Amino acid sequence: MLPEFQLRSMTHYASPKAKKLIWLRPPIFASLVAAIGFWKPLFFILGAIVLVFTYINRIREYRHTAFRLEDTHVQLRSGAFTVETLVTKRAKLLELQFERSLLQRMFGVMSVKLTNRAHPVHVTTLLDIDSSLQPLITSWFEARTKDVEIDPHSQYSSLKQEACPIPSYVEVNSK
């Protein structure tokens, strides 16, 4: 690993409010497989197995969701059976998006989606982060204007740093 990136302990985890969401979100695929079980009994057993696997997956994903914001770096951890840890610079982030479904709004949590400049573009989603952290995350991301430099030979060289179209955060109230 590069010396400028250091793995540290996470400071923010999935919200404790979200534990109830694990059980309230409908397991659609498992329900469809079990519904086919009315015609073919084997599918009813497969539906039960898929249902158990779905809830184990959700519990593991809840336990592994975490992030840490530092001055110019962010460290994200997400996943269920394969855990992904992403450490990147703030200047490499292209977009920050907040999403809230109806259930998430009721429980005061949100999903945070970060798009990182890479080849191909890498998108990481953190589920069920406490909504009270939105101002902290937004202010940290907006401070990236200090990190981004304009190439003097680019087509935007006549623009000042303040006028440069740097993407901000996007809030989506979906579902």
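Reckoned from all heavy atoms, side chains included, excluding hydrogens, waters and symmetry mates. Predicted model only: the values in this text are computed from it and were never measured.
Using a 4.5 Å heavy-atom cutoff, the side chains of His12 and Arg68 are not in contact. Looking at Arg58 and Ile56, their side chains never come closer than 4.5 Å, going by heavy atoms from C-beta outward. Residues Asn116 and Leu86 are in side-chain contact: their nearest non-hydrogen atoms beyond the backbone lie under 4.5 Å apart. Side-chain contact check for Val74 versus Thr88: some heavy-atom pair is nearer than 4.5 Å. You'll find the side chain of Leu114 stays beyond 4.5 Å of the side chain of Phe67, heavy atoms only.
Rounding to the nearest 0.5 Å gives a distance of 9.5 Å between CZ of Arg100 and OG of Ser111. Between atom NZ of residue Lys89 and atom CD of residue Glu70 there is a gap of 13.0 Å, rounded to the nearest 0.5 Å. To the nearest 0.5 Å, the span separating CG on Leu69 from OG on Ser139 amounts to 8.5 Å.
With respect to the salt-bridge test (charged N to carboxylate O, under 4.0 angstrom), the residues Arg144 and Glu142 do not qualify.
By the 4.5 Å side-chain criterion applied to Ile, Leu, Val, Met, Phe, Trp and Tyr, Ile49 is assigned to a cluster that also includes Ile45. Grouped by direct or indirect side-chain proximity (heavy atoms under 4.5 Å, Ile/Leu/Val/Met/Phe/Trp/Tyr only), Ile28 sits with Leu32. The hydrophobic cluster containing Val83, built from Ile/Leu/Val/Met/Phe/Trp/Tyr side-chain heavy atoms closer than 4.5 Å, comprises no other residue.
Side-chain heavy atoms closer than 4.5 Å link hydrophobic residues (I, L, V, M, F, W, Y) into clusters, and following such links, possibly through other members, connects Leu24 to Val109. Hydrophobic clustering, with ILVMFWY side chains joined whenever heavy atoms are under 4.5 angstrom apart, keeps Ile36 apart from Phe44. Note on Ile22 and Val50: separate hydrophobic clusters, where clusters join Ile, Leu, Val, Met, Phe, Trp and Tyr whose side-chain heavy atoms are under 4.5 Å apart, directly or indirectly. Clustering ILVMFWY residues whenever any of their side-chain heavy atoms sit less than 4.5 angstrom apart, transitively, puts Leu103 in a cluster other than the one holding Leu127.
Sequence neighbours left out, the pairs with a member in residues 118-128 that pass side-chain hydrogen bond (donor to acceptor under 3.5 Å, both in side chains) are Arg25-Asp128, Glu84-His122, Gln104-Asp128, His122-Thr124. Sorted by first then second residue, the salt bridge (charged side-chain N to carboxylate O under 4.0 Å, His left out) pairs that include residues 28-40, not counting sequence neighbours, number zero.
Within 6.0 Å of NZ on Lys92 lie no more than 12 heavy atoms contributed by other residues, nucleotides or ligands.
With sequence neighbours left out, Phe53 forms a ring-ring contact (aromatic ring centres under 6.0 Å, His included) with Phe81. Every residue meeting the side-chain contact (heavy atoms from CB on, under 4.5 Å) condition with Ala80, not counting sequence neighbours, appears here in chain and number order: Asn57, Arg60, Glu61. Ser132 is linked by a side-chain contact (heavy atoms from CB on, under 4.5 Å) to Asp130, counting only residues two or more places apart in sequence or in another chain. Phe107 pairs by the ring-ring contact (aromatic ring centres under 6.0 Å, His included) definition with nothing, not counting sequence neighbours. Applying the side-chain contact (heavy atoms from CB on, under 4.5 Å) criterion to Tyr13, with sequence neighbours excluded, gives Met10, Ala66, Arg77. Take His64 and apply the ring-ring contact (aromatic ring centres under 6.0 Å, His included) test, not counting sequence neighbours, and it matches no residue. Taking the side-chain contact (heavy atoms from CB on, under 4.5 Å) definition, one finds that Trp23 meets it with Tyr55, Ile59, sequence neighbours left out.
Although no hydrogens or angles enter the test, the distance criterion places a donor-acceptor pair under 3.5 Å between the side chain of Ser131 and the main chain of Gly108.
Taking all atoms of both residues into account, the shortest heavy-atom contact from Val33 to Leu46 is CG1-C, 3.9 Å. Scanning both residues, Ser78 and Leu126, for their nearest heavy atoms gives CB-CD2, 4.0 Å. The shortest heavy-atom contact between Asp71 and Trp140 is O-NE1, 3.6 Å. In terms of heavy atoms, Tyr62 sits closest to Ala18 at CE1-CB, 4.1 Å.
Across Glu99, Gln134, Arg105, a single residue satisfies side-chain contact (heavy atoms from CB on, under 4.5 Å) together with Met110, and that is Gln134.
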Original post:
Step by step, would you call Leu96 with Ile137 a side-chain contact (heavy atoms from CB on, under 4.5 Å)?
Top reply: CA-CA 9 Å; Leu96 173 66; Ile137 297 169; 3.6 Å; yes
